[in-house]
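We count residues from 1, following the sequence as given.
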Amino acid sequence: MGKKKKRAEREAESELLNTETINEQNDLHIANGDSKKIKKKKTKEVKEESVLKEKPTVSVALAGSIIDNTQSLELATRLAGQIARASTIFRIDEVVVFDNIGSSVDCSDPTMEDGSHDDESGAAFLFRILKYMETPQYLRKSLFPMHNNLRYVGSLPPLDAPHHLRKHEWAPYREGVTLKDRNLTSGGTLVDVGLSKPVAVDQVIAPGIRVTVSMGAERNLDAGIPHQVVSSSTPMEDARMYWGYKVRYAPNISSVFKNCPYKGGYDHLIGTSEHGLVMKSSDLTLPSFRHLLIAFGGLAGLEECIEEDNNLKGKSAKEVFDLYLNTCPHQGSRTIRTEEAILISLQYLQEPVNSVLQKI
């Protein structure tokens with residue numbers, strides 16, 4: 001009887017140990033499962049933060065042929081300056097200049113094709129002036145070689161954008177141009193950011209490149225602290241500072257959409273025309289967007305631009321755009337010039353656009 005009792009006790013202990021082992025394994029599996037869930041949750045949170053961090057953009061597209069209607073170089077320069085001012089006032093992220101007659105050659109910079117000739121196309125001229133005006137004053141001599149079509153830019157009112165800083169002003173970021181010289185201590189590149197002396201960055205970059213530099217909190221340039229080159233979108237994403245507009249060239253209006261630099265392309269297209277829909281700005285509700293495009297036509301409007309584009313043959317303007325608007329009904333003049341239409345339309349769309357941006 002004693003032996004049987006001892007055997008029964010050993011079997012009970014063994015069963016208890018097995019049960020504890022199984023429970024420990026189950027706990028381990030559950031813990032691992034929770035760990036995986038936590039990792040997935042963290043990944044999801046990072047993705048959500050990335051989406052929230054990315055600021056929605058507003059782009060403007062206009063036909064370069066509007067320059068062809070000007071009577072002199074000085075008037076053409078003033079027209080381009082008005083567009084640059086309007087784009088800055090309304091915090092436009094991208095200005096696309098397109099030829100309204102389809103070009104067989106696609107290029108990113110039409111000014112390179114024309115060299116130093118004075119008779120460049122209207123699109124090339126507008127592209128050049130818009131880029132020049134957006135560039136901070138202290139960088140222009142380094143980034144723009146002398147050209148006859150820049151003769152009257154000195155008479156234009158400055159954009160006075162947040163990144164057009166004076167020598168005595170300090171900001172978290174500054175635009176700069178890389179120099180040939182290297183920092184003797186770190187071996188990194190020296191960058192002219194418009195201050196009393198160049199600043200050093202860790203990266204080694206070829207000379208003559210425009211960069212955005214994170215200036216940090218240290219204002220003493222003699223401290224020898226290296227700075228960082230960051231993306232030009234960082235000031236907007238991190239500090240919500242408007243940092244000027246990008247300028248892009250498109251050979252025709254279909255290339256404006258096709259070659260969109262933003263991931264996923266433009267998700268809402270607005271066309272402007274006297275033949276568009278008439279409604280009050282207060283009654284207009286825009287859908288949520290990531291990248292909005294507002295288009296303006298040439299001398300004969302967007303209809304002609306679409307008709308002359310081989311990629312859009314047979315399509316009407318209302319088929320091309322999600323919304324086709326008349327932003328200035330009951331006009332007293334037979335015509336509204338494009339530089340006037342941009343100011344009118346951007347003011348008309350300001351509240352509807354802001355309503356979407358505030359929700360994001």
Side-chain angles (χ1 to χ4, degrees), residues 58-72 74-92 94-101 122-123 125-126 129-130 133 156-157 245 250 252-253 256-257 266 268-287 289 292-309 312 315-356:
V58 180
S59 299
V60 163
L62 65 155
S65 60
I66 61 172
I67 295 296
D68 301 332
N69 199 37
T70 54
Q71 288 78 36
S72 67
E74 185 175 3
L75 290 175
T77 305
R78 285 184 187 177
L79 188 157
Q82 284 179 289
I83 293 169
R85 284 278 302 170
S87 301
T88 304
I89 289 168
F90 290 98
R91 299 169 67 91
I92 297 302
E94 178 196 34
V95 181
V96 189
V97 181
F98 64 90
D99 274 323
N100 62 340
I101 298 176
F125 177 88
L126 186 55
I129 302 295
L130 288 175
M133 290 298 293
L156 295 177
Y245 55 79
N252 45 47
I253 192 167
V256 173
F257 318 131
Y266 303 112
H268 197 68
L269 306 175
I270 297 177
T272 59
S273 169
E274 61 180 327
H275 305 297
L277 176 69
V278 175
M279 67 184 303
K280 292 180 181 178
S281 174
S282 56
D283 295 335
L284 177 61
T285 302
L286 296 177
F289 62 81
L292 171 69
L293 177 77
I294 308 163
F296 301 87
L299 303 179
L302 283 171
E303 292 88 351
E304 184 187 61
C305 301
I306 293 168
E307 188 180 335
E308 293 183 345
D309 191 325
L312 298 175
K315 290 191 176 183
S316 68
K318 292 179 181 178
E319 291 175 301
V320 173
F321 296 97
D322 300 307
L323 190 60
Y324 203 51
L325 286 173
N326 180 355
T327 58
C328 187
H330 316 302
Q331 61 196 58
S333 173
R334 290 191 184 92
T335 57
I336 294 180
R337 298 171 67 89
T338 302
E339 64 272 24
E340 297 165 343
I342 289 175
L343 279 168
I344 294 168
S345 299
L346 293 182
Q347 175 58 43
Y348 171 93
L349 291 165
Q350 188 174 33
E351 278 307 312
V353 168
N354 285 342
S355 296
V356 174

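Here the OG1 atom belonging to T88 is positioned 11.5 Å from the CD1 atom belonging to I83, to the nearest 0.5 angstrom. Here S273 contributes atom OG and H275 contributes atom NE2; the two are 4.5 Å apart, rounded to the nearest 0.5 Å. Considering CG of D99 and OG of S65, their distance stands at 8.0 Å, rounded to 0.5 Å. Of the inter-residue distances, the one linking C305 atom SG with L312 atom CG reads 10.5 Å to the nearest 0.5 angstrom. Residue R85 holds its CZ atom at 10.0 Å from CG of L343, rounded to the nearest 0.5 Å. In this structure, CD1 in I294 is found 9.5 Å from NE2 in H268, a value given to the nearest 0.5 Å.
With contacts defined as side-chain heavy-atom distances shorter than 4.5 Å, the pair Y245/L130 qualifies. Two residues are said to be in side-chain contact when any heavy atoms from C-beta on lie closer than 4.5 Å; L284 and E351 fail this criterion. Here the side chains of V320 and I253 are not in contact, with every heavy-atom distance at 4.5 Å or above. Taking the side chain as every heavy atom from C-beta outward, L79 and I129 never approach each other to under 4.5 Å. The shortest distance between side-chain heavy atoms of L126 and I66 falls below 4.5 Å. Taking the side chain as every heavy atom from C-beta outward, L346 and V60 approach each other to under 4.5 Å. Contact annotation: the side chain of V58 never approaches that of L349 to less than 4.5 Å [non-hydrogen atoms, C-beta and beyond].
When all heavy atoms are compared, the tightest approach of A61 to V256 is CB-CG1, 3.9 Å. Heavy-atom minimum distance, L156 versus R78: CD2-CA, 3.7 Å. Between I67 and T70, the shortest heavy-atom contact is O-OG1, 2.6 Å. Closest approach of I306 to A317, counting heavy atoms only: CD1-CA, 3.5 Å. Nearest heavy atom pair, residue L302 against residue A295, reads CD1-O, 3.7 Å. A pairwise comparison of heavy atoms in T338 and G297 identifies OG1-O, 3.4 Å as the closest pair.
For Q82, the CD atom sits in a packed shell: over 12 heavy atoms of surrounding residues, nucleotides or ligands are nearer than 6.0 Å.
Side-chain atoms of S281 come within 3.5 Å of backbone atoms of Y348 as a donor-acceptor pair (strictly under, hydrogens ignored). A donor-acceptor pair is defined here as one N or O able to donate and one able to accept, closer than 3.5 Å; no such pair exists between the side chain of S333 and the backbone of I336. Judged by distance alone, the side chain of T272 and the main-chain N or O of Y324 form no donor-acceptor pair under 3.5 Å. Judged by distance alone, the side chain of N326 and the main-chain N or O of G276 form no donor-acceptor pair under 3.5 Å.
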